[in-house]
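Presented below is the structure to which this report refers.
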Amino acid sequence: MGQLLRVQNFNVSSDGIAAGEHQSMESPFGLPGAEVMWAWAGATASWPNRTDPGGSRGLDDYFTRDFSHGIGAEIMGRNKFGPQRGPWDDHEWRGWWGDEPPFHTPVFVMTHHPRPSFTLSDTTFHFVGGAPADVLERARAAAQGGDVRLGGGVTTVREFLDAGLVDTLHVAVSPVRLGSGLRLWESPEELLDRFHLEVVPSPSGVTHHLFWRR
């Protein structure tokens with residue numbers, strides 16, 4: 001199938017919300033309580049940010065363990081990279097992840113405002129504009145034959161879905177309702193004209209939705 005564009009371990013509430021509109025340093029997800037949607041992943045043995053031994057095995061761990069498998073580059077929206085808006089007035093900000101980002105590949109941050117690339121450990125961040133198809137072309141070239149992960153946030157995922165560029169999509173639906181915020185969907189059935197779907201419940205309480213292109 002060539003180089004795929006993959007969405008992995010993307011989290012939404014039971015009412016389809018992935019984040020809020022009021023992101024800040026104090027509220028990275030822009031919505032109080034949104035971090036609970038990540039609890040299933042953080043509890044696994046293979047969670048990349050785990051600092052202590054232990055963690056669960058099984059279905060959830062399979063998805064966190066697969067996070068980097070076959071990935072050669074990532075695309076993310078500016079809102080995933082950080083809370084700043086408009087021109088870059090603080091080049092000291094280098095993302096939420098510290099000196100050891102979990103990506104280990106080139107990362108293409110979509111933005112309307114230029115900024116020089118920089119490298120942390122084995123991750124290089126590039127700041128790029130352009131249409132989704134153009135950014136994907138650059139990411140595929142940098143991936144050197146590997147797949148490209150579309151990391152989010154939700155507005156960016158929707159943009160690539162609307163452009164018909166996503167090949168596979170894994171969404172973990174958490175059993176919480178957030179009520180308001182930025183939605184991935186009203187219902188996963190909205191994507192069934194373009195994707196096959198398999199739904200797999202987990203003992204952790206999340207339900208994994210696996211989509212692949214028709």
Side-chain angles (χ1 to χ4, degrees), residues 4-20 23 26-71 74-77 79-80 95-98 100-105 147-158 160-161 166-192 195-213:
L4 301 178
L5 180 62
R6 297 158 50 186
V7 177
Q8 296 176 285
N9 298 348
F10 195 79
N11 295 270
V12 302
S13 63
S14 61
D15 48 348
I17 294 168
Q23 186 187 41
E26 296 73 28
S27 181
F29 294 102
L31 191 68
E35 63 275 3
V36 71
M37 295 187 294
W38 282 97
W40 70 272
T44 64
S46 300
W47 178 240
N49 295 328
R50 174 171 291 282
T51 57
D52 56 329
S56 66
R57 294 293 184 178
L59 179 64
D60 291 345
D61 187 65
Y62 169 81
F63 287 111
T64 55
R65 190 170 67 246
D66 194 51
F67 179 73
S68 297
H69 180 71
I71 297 294
E74 165 144 345
I75 297 169
M76 68 173 64
N79 291 9
K80 179 176 177 179
W96 302 103
W97 306 280
E100 297 287 339
F103 308 107
H104 312 296
T105 67
D147 292 340
V148 176
R149 180 173 51 238
L150 181 59
V154 61
T155 302
T156 301
V157 172
R158 287 288 343 176
F160 279 78
L161 281 171
V166 176
D167 295 298
T168 68
L169 180 72
H170 163 228
V171 181
V173 179
S174 176
V176 297
R177 291 183 63 84
L178 295 178
S180 63
L182 301 174
R183 293 182 185 273
L184 179 64
W185 57 45
E186 295 290 341
S187 166
E189 293 183 358
E190 296 169 14
L191 302 183
L192 295 186
F195 294 92
H196 301 283
L197 169 62
E198 185 169 343
V199 179
V200 186
S202 168
S204 65
V206 302
T207 304
H208 297 286
H209 288 60
L210 307 174
F211 298 85
W212 64 100
R213 187 194 291 272

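FYI, side chains are in, hydrogens and waters are out, and symmetry mates aren't considered; it's all heavy atoms of this structure.
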**Heavy-atom check, side chain of T156 versus side chain of M76, under 4.5 Å** = no
**Request:** Please report the closest heavy-atom contact between Q8 and D66, naming both atoms and the distance.
**Result:** NE2-O, 3.2 Å
**Asked** Of all heavy-atom pairs between S68 and P102, which one has the smallest distance, and what is that distance?
**Response** OG-O, 4.4 Å
**Side chain proximity check, W212 to L4, heavy atoms < 4.5 angstrom** = no
**Side chains of V166 and F195 in contact at under 4.5 Å (non-hydrogen atoms)** = yes
**Complete:** Output for pair (L191 CG, L197 CG), nearest 0.5 Å, gives 8.5 Å
**Asked** Can you check whether V7 reaches F160 side chain to side chain, under 4.5 Å on heavy atoms?
**Response** no
**Distance in Å, H208 NE2 paired with N9 CG, rounded so as to fall on 0.5 Å steps** = 8.0 Å
**Distance-only polar pair, side chains of D61 and S56, donor-acceptor under 3.5 Å** = no
**Asked** Should H69 and D147 be marked as a side-chain hydrogen bond (donor to acceptor under 3.5 Å, both in side chains) after you check the CA-CA gap, both sets of side-chain angles, and the distance that decides it?
**Response** CA-CA 9 Å; H69 180 71; D147 292 340; over 6 Å; no
**Asked** Is there a donor-acceptor pair closer than 3.5 Å between any side-chain N or O of D15 and the backbone N or O of G179?
**Response** yes
**R6 side chain reached by D167 side chain, heavy atoms, under 4.5 Å** = no
**Pairing of E74 and K80 as salt bridge, 4.0 angstrom limit** = yes
**Asked** Can you find a pair of side-chain heavy atoms, one from L161 and one from L184, that are under 4.5 Å apart?
**Response** yes
**Asked** Looking at F67, is R149 sitting on its ring face, NZ or CZ under 6.0 Å from the six-membered ring centre and within 45 degrees of the normal?
**Response** yes
**Message:** Rounded to the nearest 0.5 Å, what separates atom CZ in R183 from atom CG in L178?
**Reply:** 9.0 Å
**Item:** Closest contact, heavy atoms only, A18 versus V12
**Value:** CB-CG1, 4.0 Å
**Prompt:** What's the shortest heavy-atom distance between N79 and W96, and which atoms?
**Reply:** O-NE1, 4.4 Å
**Asked** Sub-3.5 Å donor-acceptor pair from the side chain of D60 to the main-chain atoms of G58, do we have one?
**Response** no
**Asked** Any side-chain heavy-atom pair from F103 and I71 closer than 4.5 angstrom?
**Response** no
**Value rounded to 0.5 Å, distance of CZ in R177 from CD1 in I17** = 8.0 Å
**Prompt:** Parallel, tilted or perpendicular: which fits the ring planes of W40 and H170, with parallel below 30° and perpendicular above 60°?
**Reply:** perpendicular
**Complete:** Residues S13 and M37: closest non-hydrogen pair is N-SD, 3.1 Å
**Message:** Could you tell me if T44 and S46 have a donor-acceptor pair between their side chains, going purely by distance under 3.5 Å?
**Reply:** no
**Request:** Verify, without hydrogens or angle tests, whether H209 (side chain) and T207 (backbone) share a donor-acceptor contact under 3.5 angstrom.
**Result:** yes
